[in-house]
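Input: a single structure, listed below in structure tokens.
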There are 2 protein chains.
Amino acid sequence: MPAVPELARAGTPDRAAARVTSRDVARAAGVSQAAVSLVLGDKWRGRVSPGKAEAVRAAARELGYRPNLAARSLRTGRTRTALLVVPALTTEFFARVYTGAARIAADHDFGVVLYPSPEGIGPARPSPSTTHGGRPVRAPLVPDPFASASAALDGVIASSMAADALAALRTPGLPLVMLDSDPGDATASATVNLDIADGVRQLTAHLTGLGHRRIAHLAADVDSWTFAVRTRTLTDALAGTPDAVVHRVPTALGVDAGLRAAHTALTVPGPRPTALLCDDDIIAAGACKAVRRLGLRVPEDVSVTGFDDLALAVAVEPELTTVRLPAEEFGEAGMRALMAVLDGAPTDAATLPVALVPRGSTAPPPDTPHNTARPGG
Amino acid sequence: MPAVPELARAGTPDRAAARVTSRDVARAAGVSQAAVSLVLGDKWRGRVSPGKAEAVRAAARELGYRPNLAARSLRTGRTRTALLVVPALTTEFFARVYTGAARIAADHDFGVVLYPSPEGIGPARPSPSTTHGGRPVRAPLVPDPFASASAALDGVIASSMAADALAALRTPGLPLVMLDSDPGDATASATVNLDIADGVRQLTAHLTGLGHRRIAHLAADVDSWTFAVRTRTLTDALAGTPDAVVHRVPTALGVDAGLRAAHTALTVPGPRPTALLCDDDIIAAGACKAVRRLGLRVPEDVSVTGFDDLALAVAVEPELTTVRLPAEEFGEAGMRALMAVLDGAPTDAATLPVALVPRGSTAPPPDTPHNTARPGG
DNA sequence: GCCGGGACGTGTTACGTATAACTTACGGCG
DNA sequence: CGCCGTAAGTTATACGTAACACGTCCCGGC
């Protein structure tokens with residue numbers, strides 16, 4: 001009846017508020033502990049009378065009972081906890097992946113523990129012992145790997161990892177869902193991918209349609225499938241436009257790195273590229289700065305495109321033409337796949353569509369008649 | 001001896017790779033299970049001979065033993081897991097807070113579970129039962145609050161919550177560390193704050209020093225201490241400059257909202273403000289867009305300032321003058337405070353310094369002799 | 001020569017839950 | 001009337017760990 005029952009029984013000031021167990025509830029309701037477990041576990045149809053069931057529920061409510069998760073996990077062998085391994089959480093993209101995954105997890109009464117690699121995208125290489133339990137352990141503190149815990153996880157979702165890092169994550173008996181990883185390289189319980197290749201195709205069609213023929217690709221110099229597929233697809237996508245040339249400029253991640261790479265791309269000897277195809281929005285933002293520092297304009301002199309469609313894409317001016325990756329849906333799909341695996345579903349793979357978002361950072365190249373080609377729509 | 005012992009004993013293909021327990025290790029090492037627990041728990045000095053201790057460690061390594069976390073938690077009553085409650089993870093700021101907190105947690109062999117409020121900053125109001133166990137539970141799915149779990153958490157860190165949400169988080173027996181919350185309103189186990197007030201003072205000194213007298217404050221319309229203190233301090237900080245006027249324009253969060261609020265601030269009847277003091281960098285980015293859409297320039301016609309110093313601050317042009325909030329250190333300090341509380345330390349409070357970062361988005365106001373006043377440094 | 005105490009271990013128990021196995025009552029049916 | 005199936009419960013057990021309480025031996029001091 002009282003809204004805050006905890007305060008009513010705050011009579012034990014010594015330690016942690018005298019935990020109330022299922023046995024306490026049983027005593028209060030005049031039944032056995034087993035009956036309490038059955039009722040609260042919703043397995044009582046035909047085992048406990050409706051009247052007693054209601055009494056149990058009332059007693060539990062009254063006492064403020066909450067089941068002890070550790071005991072439950074010990075008994076059932078399930079923890080209702082998933083580990084999400086992401087290269088870096090401070091990247092908006094992965095924060096949104098987490099948000100989507102956490103939403104689905106909540107629907108299934110699952111918790112999500114994060115393992116953000118301290119090294120960032122690419123070199124992430126957690127050892128199995130490290131990831132078990134989701135408790136990253138500093139090497140100096142715990143000399144022996146087995147000192148870290150296990151049996152704390154029901155499954156793992158790994159996003160955008162390098163192939164060898166993925167192999168290290170593989171643990172016998174622990175379902176592994178791979179997000180945005182090479183579909184062919186490892187045996188995962190399930191796979192979810194973004195249709196990056198289609199995004200690249202849409203992007204190149206957009207640029208060549210505007211008339212661009214000299215394109216610099218600011219390629220993230222990171223060992224990750226999601227970036228590898230950009231580079232690979234780009235050459236294929238431009239095969240239909242024989243006079244198009246693409247110049248690959250490797251770059252680190254970040255605004256500054258993008259700025260430097262764009263500077264390189266725009267000042268290299270030979271005819272200047274008219275478009276900078278950047279591997280993500282942040283690199284693209286840096287590229288825009290480089291263009292302006294060289295006294296050029298976006299998009300009149302140089303077109304710039306991004307990838308991801310982060311909040312940043314509409315914060316800069318001009319707003320970035322980019323490929324929208326459905327980050328939340330990505331996380332949702334990953335967690336849904338894990339739930340399916342835990343329910344015994346067979347291994348399967350899904351691919352999520354992406355969409356080109358044309359904005360102000362792309363335009364026909366300079367000194368080109370506007371009717372050379374028709375933009376897509 | 002083998003690098004990947006799990007693969008060597010993958011002979012049971014049926015279920016989850018036949019867990020190896022401390023009893024298995026004991027059998028292999030020829031000792032009792034108690035001895036294994038003592039050795040691996042590093043409590044064996046004078047209880048187990050060095051030779052047997054080494055044998056136990058070898059056996060554990062050989063078998064790939066990892067302690068069962070659920071059983072350990074059930075026995076010890078500790079879970080080595082902390083809950084971090086943040087308004088929204090997709091905000092870079094809170095992602096960085098998490099990163100800092102997770103780093104310290106790892107040093108103490110703690111895990112971190114997140115509770116991102118689905119509603120975003122402000123209206124976050126998790127009930128105690130919801131937050132217990134870090135498993136957000138949808139109301140429709142689980143009708144009774146006690147169906148969610150407890151005993152899964154050793155402590156809670158709550159960041160930038162509204163006062164009533166904080167009150168709801170308070171749970172007897174569960175340590176609560178408050179981050180960036182009203183220091184006076186609730187009894188927390190510990191408190192860590194950013195010196196937001198000082199940041200506002202530095203910002204206003206910077207602006208008035210440049211000669212600005214008409215300032216619009218784009219104030220986040222969100223019930224959170226960190227924003228409330230900005231508004232409160234601003235009037236105090238301008239008290240020393242009698243001819244300064246500040247016009248408060250409430251705004252939601254986000255680029256678009258900032259754009260609209262800035263438009264309002266700049267087109268309201270009367271003399272136009274020469275500076276827009278924005279409650280965070282994202283609002284400031286929107287404000288810059290509004291300035292340019294009105295045919296004005298940043299910073300020549302209108303100065304714009306942000307708050308937080310996100311990656312976005314240097315991605316836009318001009319780069320934002322802002323107040324750098326040490327997000328990672330903030331999370332670190334919060335987790336350190338929780339660890340101290342768990343070690344029995346008394347309640348205490350800390351305040352982290354912030355720093356003005358002058359960049360290109362501020363300049364003396366137009367039609368003002370540059371020597372009206374001296375900028376700070 | 002006896003005794004106290006440290007080194008070295010082991011047996012046992014309890015943590016709180018879920019569930020298999022068992023018991024009893026009772027109504028319907030052959 | 002005997003039997004069985006189902007409802008309505010209870011009793012008992014095991015999950016894997018940490019740690020308490022209890023032994024035994026040996027050595028050194030008086």
Side-chain angles (χ1 to χ4, degrees), chain A residues 15-16 18-56 60 63-80 132-133 146-152 154, chain B residues 15-16 18-56 60 63-80 132-133 146-152 154:
Chain A
R15 285 310 290 159
R19 296 241 48 87
V20 32
T21 76
S22 62
R23 221 172 302 263
D24 298 330
V25 175
R27 205 166 323 153
V31 297
S32 70
Q33 177 266 333
V36 173
S37 181
L38 288 171
V39 170
L40 298 185
D42 202 28
K43 298 194 169 74
W44 58 279
R45 47 253 151 128
R47 313 260 296 129
V48 178
S49 65
K52 292 223 171 193
E54 186 46 43
V56 166
L63 296 176
Y65 168 70
R66 311 232 196 80
N68 182 316
L69 254 199
R72 172 179 293 175
S73 293
L74 177 59
R75 175 65 226 232
T76 61
R78 295 284 149 90
T79 59
R80 304 197 84 75
H132 263 94
F146 53 76
S148 85
S150 81
D154 283 352
Chain B
R15 285 308 290 159
R19 296 242 50 86
V20 31
T21 75
S22 62
R23 220 171 305 262
D24 297 329
V25 176
R27 203 165 324 148
V31 297
S32 71
Q33 178 267 334
V36 173
S37 181
L38 288 172
V39 171
L40 297 185
D42 203 28
K43 298 197 169 74
W44 59 279
R45 46 248 154 131
R47 315 260 296 127
V48 178
S49 65
K52 293 223 170 193
E54 186 47 41
V56 166
L63 296 175
Y65 169 69
R66 311 232 195 80
N68 182 316
L69 253 199
R72 174 179 292 176
S73 293
L74 177 58
R75 178 63 230 238
T76 62
R78 295 283 149 89
T79 60
R80 304 196 81 77
H132 264 94
F146 53 76
S148 85
S150 81
D154 283 352

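Note that this is a predicted model, so its numbers are computed, not measured. Chain A is the first sequence line, chain B the second, and so forth, proteins listed ahead of strands; every chain is numbered from 1.
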Selection from [options] that lies nearest to any side-chain heavy atom of [X]:
X       : options                : result
B:Val48 : C:dG16, D:dT11, C:dG9  : C:dG9
A:Asn68 : C:dG16, C:dG9, C:dT19  : C:dG16
A:Ser22 : C:dT17, C:dT10, D:dT17 : C:dT17

[N] phosphate, OP1 or OP2: any side-chain N/O from [X] under 4.0 angstrom?
X       : N      : answer
A:Lys43 : C:dA18 : no
A:Ser49 : D:dG9  : yes
B:Thr21 : D:dG16 : no

In whole angstrom, give the distance that lies between atom [atom1] of [X] and atom [atom2] of [N].
X       : N      : atom1 : atom2 : answer
A:Gln33 : C:dT19 : CD    : P     : 12 Å
A:Arg45 : D:dG9  : CZ    : C1'   : 17 Å
B:Trp44 : C:dA7  : CH2   : P     : 12 Å
A:Leu63 : C:dG16 : CG    : P     : 15 Å
A:Arg75 : D:dG16 : CZ    : P     : 11 Å
A:Lys52 : D:dA8  : NZ    : C1'   : 9 Å
A:Leu38 : D:dT10 : CG    : P     : 10 Å
B:Arg47 : C:dG6  : CZ    : P     : 13 Å

Worksheet item: How many angstroms lie between atom OG of A:Ser37 and atom NZ of A:Lys43, to the nearest 0.5 angstrom?
Response: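 A:Ser37 atom OG to A:Lys43 atom NZ measures 7.5 Å (nearest 0.5 Å).
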